[in-house]
Amino acid sequence: MRVLIHLSDLHFGRADPAIVQPLIDFIRTTKPNLVAVSGDLTQRARSQQFLEARKFLEAIPFPKIVVPGNHDVPLRNLFARLFRKFDRFRRYISDDLEPFYADDEIAVAGVNTARALTGKNGRISRQQLEKLRTRFANMPSHVKIVVTHHPFDLPPGVVGDRVVLRAESAMKTLAQIPVDMLLAGHFHDNFSALIVASGTAISTRGRGQPNSLNVIDIEALNISITQHRWDPNRAGFEPFSTERFVRMANGWTPA
Ligand SMILES: [Fe+2]
Ligand SMILES: [Fe+2]
């Protein structure tokens, strides 16, 4: 079995300092095989905010898959936005915007969906989809996971723009591979299964949602996703709900 912790939308600059250390403690106690951070590490892509995000990541002594979000691209400086959009992410977080992790049981690919000109929406390119196909080739027995900032599907009750442009053709490719689980953030909201969204782990921009993260237990035939929510009274992350899935011939089905 592998244990993956999925965090999102840390938004350093708007992070609640009271939650940062308990989150680090929670992760260290859980001892996951991998931590996935699905973007929006900062509030405004400022150096100081990236430094805080880096300090946080350095306090987590486990393998990590980290991708940028729309907030990690400079907003107001047009030159920086167009030509140097990932400079700070590369400098402070990682030079690899599309990281990959594989062990004997799981394979996890990060895809950078943040763009300079799509506003809050993200995009996935044909090349990125082909890269996923290549990366996951010859891994029939691995549980295959993709981490993006922008989700490929909208949470219930949200209307408007699609959030990953080209989501439809992307979903076709992901189904062909087939990818088992999609981890995303962006909405600061938690929604449906195997398309997993994490709420914001520490940011005060929770839009009324409590701070949360997902602990995901992965086996070849079983996946369980436990949402943990911040409990201010106990000053810790506590299990809130668990969803279990089994692998059937036609895909993952709620258990
Ligand atoms: Fe966000
Ligand atoms: Fe976002």
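Just so you know, ligand 1 is whichever comes first in the structure, and atom 1 is the first atom listed for that ligand. Side chains included, hydrogens not; waters and symmetry mates left out as well; all remaining heavy atoms used.
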Taking only distance into account, with no hydrogens and no angle test, what donor-acceptor pairs under 3.5 Å do side-chain atoms of residues 51-64 form with protein atoms, sequence neighbours excluded?
from  : atom 1 : to    : atom 2 : distance (Å)
Lys64 : NZ     : Leu57 : O      : 3.0
Lys64 : NZ     : Ile60 : O      : 2.5
Lys64 : NZ     : Phe62 : O      : 3.3

In His186, which N, O or S atom comes closest to the Fe ion (ligand 2)?
ND1
Can a donor-acceptor pair be found, under 3.5 Å and without considering hydrogens, that links the side chain of Arg81 to the backbone of Pro74?
yes
Specify whether an N/O/S atom of His149 falls short of 2.8 Å from the Fe ion (ligand 1).
no
Sole residue of Asp72, Asn112, Asn70, Thr113 in side chain to side chain donor-acceptor pair (under 3.5 Å) with His149
Asn70
Tell me which N, O or S atom from Asp9 is the closest to the Fe ion (ligand 1).
OD2
Of all the N, O or S atoms in Asp40, which one sits nearest to the Fe ion (ligand 1)?
OD2
With sequence neighbours left out, write down each residue that passes salt bridge (Lys or Arg N to Asp or Glu O under 4.0 Å) with Asp104, or none if nothing qualifies.
none
